[in-house]
Every structure is written in C-alpha cells, then in structure tokens.
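Comments concern the structure below.
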There are 2 protein chains.
Amino acid sequence: MAQTKKDDVRTKIVESARNEFQDHGYAASTIRGIAKRAGISTSNVYVYFESKLELLFAIYDPWLRAQILQLEAQAAEIADPKERLRAIIATLWETFPAADGGFGTIFIEGLAVSGREGQYSRDLLHWAEERLSTLVASCVPQERADQFSDTAFAHILFMAFDGFALNYGLIGPSRRLDRCLDLIVDLIVSDFET
Amino acid sequence: MAQTKKDDVRTKIVESARNEFQDHGYAASTIRGIAKRAGISTSNVYVYFESKLELLFAIYDPWLRAQILQLEAQAAEIADPKERLRAIIATLWETFPAADGGFGTIFIEGLAVSGREGQYSRDLLHWAEERLSTLVASCVPQERADQFSDTAFAHILFMAFDGFALNYGLIGPSRRLDRCLDLIVDLIVSDFET
DNA sequence: CCCCATAAACGAACGTTGTTCGTTTATGGG
DNA sequence: CCCATAAACGAACAACGTTCGTTTATGGGG
C-alpha cells in the first residue's frame with residue numbers, strides 16, 4: 001500500500017553510526033552527522049530508530065555478543081587453566097575497552113549519558129555474565145569450584161570492565177593493568193603453584 | 001579597585017549545584033536551574049566556575065576525600081581482619097554509590113558525559129587508591145602481604161566501584177552484591193578459616 | 001571622604017543539540 | 001493503473017552550555 005522500510009537504509013544508518021561513534025565518541029556524535037554520512041535526511045533516522053540511545057544499542061548488542069563468542073573460541077585453545085584465566089580477564093579488561101576504536105568505552109559513555117531505563121541492557125548483561133561465568137569456572141581448581149558456581153565473580157569482572165572502559169576513554173591505556181591481572185589470577189589459581 | 005568574588009556566593013552556587021545534581025543527576029541538571037536555586041543570574045556562575053564539569057569536581061573532590069577518611073575511621077574500630085575487609089569493600093561498592101542521593105553515581109555520569117581531560121580526576125583517584133590500599137593491607141594475612149604491597153588491588157576495587165555506581169544509577173541497588181562481597185573476601189582471607 | 005578603574009553581575013544572544021511536525025513523494029496491494 | 005499509506009524530507013521547536021556587551025557595585029588611591 002505504501003513505501004516499506006528498507007533493509008539497506010537501516011544498514012546504512014547502522015554503519016554510519018558505528019563510524020561516527022568510533023570517530024567522535026557517543027556524546028560528540030550527532031544525528032545530523034550520522035544521517036549525512038548515511039546519505040539520508042536527519043529526520044528519516046527516526047523512522048528506523050526511536051532515539052540516539054536505541055541506535056547505540058542496535059550496534060552494541062551484536063558487537064558484545066560477537067566479542068564474547070570470539071573470546072570463548074580463543075579460550076578453548078589455551079590448555080593451561082591459569083594461562084586461560086589470565087587471557088579471559090585480559091580480554092575483558094584490556095582488549096574490550098580498546099577494541100574497534102574503544103567501542104566498549106563508547107557504550108559505557110552512552111549508558112551514563114542517556115540512560116535511565118536499565119531494562120534495555122539488563123538482558124544483555126545477564127547473558128554475557130552467564131557465558132563469562134561458565135568460561136571462568138573451567139579455569140578454577142576443583143576445590144574452589146563451589147565458590148564459582150554462580151555468576152558473582154563474573155559480575156565483579158564486568159563491573160570492573162565498566163571502570164577500565166571508562167578510564168580508557170578518559171585517560172588511555174592503563175600501565176598498571178598487567179599488575180592487576182597478575183594479582184587477580186594469583187588470587188584464584190595460586191593453589192596450583194604452591 | 002572593584003568588586004571581589006564573594007565566598008558566600010561561591011558557597012551558594014556549590015550548595016545549589018549539589019542539590020540539583022542529587023535531584024536530577026548530572027546531565028539533567030542545568031546551569032540555569034543551579035543559578036536560579038542559588039538566587040543569581042545564569043552567566044554569573046561562570047565568574048566562579050569555568051564549566052559545568054569543573055563545578056561537579058568542586059563538589060565531588062572534597063566529598064570523596066571526606067568519605068574515604070570516614071571509612072578509615074570506621075574500619076579502625078573493627079578488630080577482625082576479615083570482617084574489616086568486608087566492611088571496607090561493602091562501603092566502596094554499596095554505600096558510596098548510594099550515599100548522598102547517589103553522588104558516586106553522579107560523578108561517574110559526569111565524567112562519562114563531559115570528560116576528555118583525565119588530568120582533573122587522576123590525582124584524586126591516585127590519592128584514594130593509596131589510602132584504600134593501606135586500608136586493605138591491614139586486613140591481609142602476613143603470607144600474602146607481598147601481593148598487596150602496591151595499589152593494584154585497590155585499583156581493581158575502584159574500577160569495580162565505577163561499574164557498581166553506574167549500575168546503581170541505571171537499575172538501582174544490586175541484589176547480588178552480598179554474594180560478590182562474600183566471594184571477594186573469601187578469595188583474600190580464606191586462609192584464616194581453613 | 002569622594003572618585004573611578006575594575007571586575008562582579010546581569011539579560012540577551014549564539015551555536016548546537018535531540019527530537020518533532022507538516023508536507024511531499026514513492027510504492028505495493030486492489 | 002490507481003491511491004491509501006508510510007517513507008523521506010526540510011523546517012522548526014525547545015533546551016542546552018557557554019559567550020557577549022552592558023550595567024552596576026565597590027575597594028584602594030587622591
């Protein structure tokens with residue numbers, strides 16, 4: 001009966017927004033800039049996305065899920081549990097904040113700026129913590145398995161990810177991160193060494 | 001030779017800003033609202049503070065320092081090391097984000113929104129981590145003292161504080177926090193029990 | 001004690017922003 | 001081949017942080 005929403009327009013908006021966010025961060029990116037880069041009018045963006053924040057989620061959700069799945073694949077190839085655990089946490093605290101132009105950082109920025117509606121990100125966070133928890137459990141010595149039977153540790157890791165991502169955006173790569181990784185890994189699998 | 005900046009005007013601005021931030025958060029607070037509440041004109045705020053972000057720092061810096069000093073006093077009265085450690089981390093992850101209308105949360109929000117100039121907050125973060133590190137060291141068993149001789153653990157605690165503060169602002173108090181506290185404390189002083 | 005240079009204080013304005021509105025234009029089912 | 005419908009558009013709205021030009025109060029020098 002009328003025009004229909006076109007997948008290629010939606011894709012163009014998403015791609016344009018991803019580039020703008022990576023170039024300028026969330027707050028400094030404008031809907032006008034995103035629309036211009038996509039080759040459409042400013043107001044037409046709102047035909048496809050309700051708000052700037054929803055646009056960010058549309059990019060971040062699949063991005064994080066892909067990152068987690070990729071992390072699982074990489075971890076599976078590391079035989080030593082201690083080494084594997086270190087790689088997992090290093091990915092979360094070091095790689096993610098810096099990856100793809102600091103995208104982890106940009107999402108945290110967007111959440112802090114626009115957010116007052118937790119429900120959006122809650123499902124994603126739970127999913128990610130569940131996967132991360134399973135991953136961590138595979139690195140923990142048997143006698144401590146019961147301590148890691150729920151998602152509490154993964155929750156702590158993710159909360160700290162928020163902090164590292166924020167700091168990465170404000171200051172840049174942390175020089176103390178290696179020491180933090182050594183410490184947290186030692187706290188968990190030190191029994192293997194002694 | 002002319003009018004001088006008046007301490008009571010400056011104080012009124014700070015008090016007004018503190019109330020506005022607590023009522024509406026950082027991004028939703030306006031300079032106009034702060035000025036009106038302080039009983040002065042909008043532009044006069046800029047005679048006393050360079051920007052909205054600097055105004056936030058002027059409030060947050062002494063606030064955090066006072067909170068840390070108060071934490072030190074409270075911790076000193078807890079004899080049992082394990083209990084003391086739990087109280088310290090609980091204060092950082094649970095009390096701080098919620099205290100004074102979520103002020104810890106509001107600062108993280110402000111940093112994420114306006115921040116591109118890490119130097120401002122860097123000194124404060126280092127100071128806080130130094131104090132926190134000393135505090136934590138007093139709870140750690142002797143045989144693990146070398147692991148806690150630097151600020152790495154305090155840094156992790158603060159990074160996670162960022163996450164908990166952010167989540168408190170977006171979702172509200174975490175129900176899983178007790179489990180996280182149990183876990184992190186057990187990881188550090190479990191030797192005392194077994 | 002009285003100026004007056006100076007800077008606080010002010011109202012208006014600037015340049016942006018995210019978002020909405022009214023209109024035009026393209027299109028897919030009858 | 002229509003035409004109701006919704007995509008697409010340009011202009012406008014309301015609100016923001018910040019700046020500007022002017023007015024007004026004041027503290028040190030005569």
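Sequence lines set the chain letters: A, B, ... in the order given, protein chains first and strands last, and positions in each chain run from 1. It should be emphasised that the depicted structure is a prediction, and the values quoted were computed from it without experimental measurement.
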Exercise for the section: Find out if a path of hydrophobic residues (ILVMFWY) with successive side-chain heavy-atom gaps under 4.5 Å connects Val185(A) to Ile188(B). Expected result: yes
Problem - Ionic contact status for Arg18(B) with Asp100(B), cut-off 4.0 Å - result: no
Practice task
Using a cut-off of strictly less than 4.0 Å, decide whether Lys52(B) has a side-chain nitrogen or oxygen near OP1 or OP2 of dC16(D).
Solution key: no
Problem - Spacing of Glu50(B) atom CD relative to dT19(D) atom P, expressed in whole Å - result: 9 Å
Exercise for the section: Round to the nearest Å and state the distance from Phe49(B) atom CZ to dA8(C) atom P. Expected result: 13 Å
Problem - Short side-chain N/O contact from Asn44(B) to OP1 or OP2 of dA8(C), under 4.0 Å - result: no
Problem - Minimum-distance nucleotide (side-chain atoms of Lys5(A) versus dT19(C), dA7(D), dA9(C)) - result: dA7(D)
Practice task
Would you mind checking if Arg84(A) and Asp80(A) are paired as a salt bridge, meaning a charged N to carboxylate O distance below 4.0 Å?
Solution key: no
Fill in the blank from the handout: Whole-Å distance, Ile31(B) CD1 to dA15(D) P, equals 17 Å
Exercise for the section: Under 4.0 Å between any heavy atoms, over every strand shown, what does Thr42(B) touch: base, sugar-phosphate, or nothing? Just pick one. Expected result: base
Exercise for the section: Look at the side chain of Gln3(B) and decide which nucleotide, out of dA8(C), dA13(C), dC21(C), has an atom nearest to it. Expected result: dA8(C)
Practice task
Would you indicate, yes or no, if dA8(D) has its OP1 or OP2 atom less than 4.0 angstrom from a side-chain nitrogen or oxygen of Tyr48(A)?
Solution key: yes
Problem - For atom NZ of Lys36(A) and atom P of dA8(D), their distance in whole Å - result: 19 Å
Problem - Lys6(B) NZ - dA9(C) C1' separation (whole Å) - result: 8 Å
Practice task
With the side chain of Val47(B) defined as its heavy atoms from C-beta on, choose the nearest nucleotide among dT19(C), dA7(D), dA9(C).
Solution key: dA9(C)
Problem - Side chain of Ala2(A) - closest among dT20(C), dT19(C), dT27(C) - result: dT27(C)
Practice task
Could you check Ala27(A) against Ile40(B) and say which one's nearest nucleotide on DNA chain C is further toward the 5' end?
Solution key: Ile40(B)
Fill in the blank from the handout: Between NE2 of His24(B) and C1' of dA15(D) the distance, given in whole Å, is 15 Å
Practice task
Would you mind reading off the distance between Tyr46(B) atom OH and dA13(C) atom P, rounded to a whole angstrom?
Solution key: 18 Å
Practice task
Give the C-alpha distance, both sets of side-chain angles, the deciding distance and a yes or no for side chain to side chain donor-acceptor pair (under 3.5 Å) between Thr151(A) and Arg176(B).
Solution key: CA-CA 9 Å; Thr151(A) 59; Arg176(B) 285 185 291 166; 3.0 Å; yes
Practice task
Identify whether any heavy atom of Thr30(A) sits under 4.0 Å from a base atom; if not, whether one sits that close to sugar-phosphate; answer base, sugar-phosphate or nothing.
Solution key: sugar-phosphate
Practice task
Would you mind telling me which of dG18(C), dC16(D), dA7(D) lies closest to the side-chain atoms of Arg32(B)?
Solution key: dC16(D)
Fill in the blank from the handout: In Watson-Crick or G-U wobble terms, with both distances under 3.5 Å, the base opposite dA7(D) is dT24(C)
Practice task
Give a yes or no on whether a salt bridge exists between Arg37(B) and Asp23(B), defined as a side-chain N under 4.0 angstrom from a carboxylate O.
Solution key: yes
Problem - Among dG28(C), dG17(D), dA8(D), the nucleotide that comes nearest once only the side chain of Thr4(A) is considered - result: dG28(C)
Handout entry: Side chain of Ser43(B) (C-beta onward), nearest among dC10(C), dA8(D), dT19(C)
Key = dC10(C)
Practice task
Determine, using the 4.5 Å side-chain heavy-atom cutoff (strictly less than), whether Ile88(A) and Ile78(A) are members of one ILVMFWY cluster.
Solution key: no
Fill in the blank from the handout: Any strand, both distances under 3.5 Å, Watson-Crick or G-U wobble: dC1(D) pairs with dG30(C)
Practice task
Starting at atom CZ of Arg10(B), determine the distance to atom C1' of dA8(C), rounded to an integer number of angstrom.
Solution key: 15 Å
